[in-house]
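Because the structure is predicted, anything quoted here is derived from the model rather than measured.
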Amino acid sequence: MSGLAGIITRDVSNVVGGQLDRLRNALGHRGPDGDGRYVKGPVGFIQTRLAIIDLDTGDQPLFHENGSALIANGEIYNYVELRQNLCEASFKTRSDSETALRLYARDGIDGFDQLRGMYAFALHDVVENQVVLCRDPFGIKQLYYVETPEFFAFASEAQALVAAGLVGRTVREDARAELLQVQFTTGSDMILDGIKRLLPGETLVLKNGRVVERRRRQVLGDKGVVGARLDGALTQWDRVFEESVRLHQRSDVDYAMFLSGGVDSASLLGMMHRLNERPVTAYTAAFEASSVHDERELAREVAKACNANHVEVMFSERDFWTLLPEVAAKMDDPVADYAILPTYKLAAEAARDFKVILSGEGGDELFGGYGRYRSVMRPLLLGGRVMRSKGTFDKIDVLRPKVLEGWRDGIAAAESRENRGKRSRLAVAQAVDCSDWLPNDLLIKLDRMLMAHGLEGRTPFLDPMVADFAYHLPDRLKVRKGVGKFLLRSWLERCLPMAQPFAKKRGFTVPVGEWIAGQGKRLGPLVAHQAGVLEIADPVRVEKLFTTPGKKESAACWHLLFYALWHQTNILGQAPADDVFDTLAS
């Protein structure tokens, strides 16, 4: 696990060492256990290491006998099995990442299709005189890059490219519109102009600093529905899930997990309880008394049934005001998802005792858990609707003309792209979410919030074998009688009935609206006159919005507040102050 970055110049001149230093410094939080550097002619790599597997000999770069070098971020979970088919005697380390280097030497970039894990890596092939970049098929680990006439540069976080002086701080307007309306951004072009994302499953091949080949590994196939009866599917799921969790537990350091009151994390804890002789430690976020649903009680029951060490982490209104500026600063690829806040505090607490956390991301997307999927399944004449057809600022009259122009273009493109083969309406909706919502919201959130504390996050639901099983289930085993994740709930009911898997799903909620409303008069003028907000909104209307009650109004206030703080740190380059009010006042 690590941060990685590099520069490839487009002539024979050597890489500028100062730029590598700045890249390394900007990624230091991702690798407190060491760092590595590789420079060969026009190619320069740096890596900062969080040691998880092969603590003694796993330092990077890793080298092949032919001189090729690799730096990697993430974990390859099936490395034990891969080594057995790759002439194990030739391996120089016990590192999981060395399997990628050996696969490439034998099979070229086709070999990467055998990897099960979360990863982003860079490989300098000195034989073919080319550089290869690769990202896992779900996009669990991010990789950003910049192309100019002089160089090609990449990094695990976009902010490192800015800090190294390789790109400027300019907002791309169409991505800003997406962020304001749906809380995340789509596609390969991120919100910072000039920076691109390597897409989930994408491999780039570069020669002389120029992209000469692109390839994309698809994790959701087009084979159509695989027929299955419930009992048989439950037996098969038990086997697939057990294997995935077992592989995701491979580590040379201790691990724990995040537990909510939901089906996904309860399923994960149930399986971890089966596979571990010692009690699992489970962290749950709790909130001060408010009107929102607090999942503590159910989480306690599940933890007790699994004999887990249960740690409840209180997230207070004070935490909201003090942590939000630094959280927004760390979300260089912005996500206005309020779950970033408790995730950040959970990670800080877990990092006191652990380096690895398992989490339940992906269960909703693969098993059909969201309410929006049920709406998509219904014909339009019977109340069905297109996903994300409305945005946060619809009927909220505060933004300047044309600010939201084209906000849904990226989502529409994904819908068109994923509507192929024999996919049902539900399967298309799931694929659209796996294309952008999952990698560009949930997984960026998990990566930034955990790696800010030197903590690795693993997601056993996001495994190629799990996806191959779950995605191709018939719709009736995903959604039945208005209940999503039917098969997963049925499995959990058998294995851990005290989790109440068929109770009504209420979702994970943070009382952000209440807290903002309580400070609306004070907060409104501060947000309204921020440089980023003045560019897009009428300040008088913004101030009024912050004193107007209503669910939609609260959501719009939250998006404006988050954007104001993100813009101040990531565009204006100002460091966050002690709390929200001091940061905005500065």
Separation between CG (D364) and OH (Y370), nearest 0.5 Å, reads 4.5 Å
Answer yes when D447 and R30 have at least one side-chain N-carboxylate O distance shorter than 4.0 Å, and no when they do not.
yes
N73 and Q142: side chain donor to acceptor below 3.5 Å
no
Classify the side-chain pair W515/Q519 by whether it contains a donor and acceptor separated by less than 3.5 Å.
no
First locate atom CG of L446, then atom CD of E456, and finally report the distance between them rounded to the nearest 0.5 Å.
10.0 Å
Return the orientation label for the F581 and W321 ring planes: parallel under 30°, perpendicular over 60°, tilted otherwise.
tilted
Side chain to side chain donor-acceptor pair (under 3.5 Å) pairs, two or more places apart, involving residues 537-559:
D397-R541
Is it true that the NZ or CZ of K478 lies under 6.0 Å from the centre of Y471's six-membered ring and within 45 degrees of the ring axis?
yes
Within this structure, what is the CG-CG distance for the pair L560 and L180, rounded to the nearest 0.5 Å?
7.0 Å
Sequence neighbours excluded, the answer for ring pair (Phe, Tyr, Trp, His ring centres under 6.0 Å) partners of Y344 is H453
So L204 and V131, side-chain contact (heavy atoms from CB on, under 4.5 Å) or not? Walk me through it.
CA-CA 8 Å; L204 298 187; V131 171; over 6 Å; no
Between the side chains of T186 and E178, does any donor sit under 3.5 Å from an acceptor?
yes
Donor-acceptor side-chain pairing of S490 and R480 below 3.5 angstrom:
no
Has R217 got its NZ or CZ under 6.0 Å from the middle of the six-membered ring of F112, at an angle within 45 degrees of the ring axis?
no
With F241, the ring pair (Phe, Tyr, Trp, His ring centres under 6.0 Å) member among F469, W491, F367:
W491
Salt bridge check: are D475 and R425 linked by an N-O gap of less than 4.0 Å?
no
D433/R388 salt bridge by N-O under 4.0 Å criterion:
yes
Is there a side-chain contact (heavy atoms from CB on, under 4.5 Å) between Q183 and D441? Walk through the geometry before answering.
CA-CA 8 Å; Q183 83 183 24; D441 185 312; 2.9 Å; yes
Heavy atoms of other groups near E173 CD, more than 12 under 6.0 Å:
no
Scan residues 160-198 for pairs that pass ring-ring contact (aromatic ring centres under 6.0 Å, His included), counting only residues two or more places apart or in two chains.
F184-W437
Is R448 salt-bridged to D333, going by a charged N under 4.0 Å from an acidic O?
no
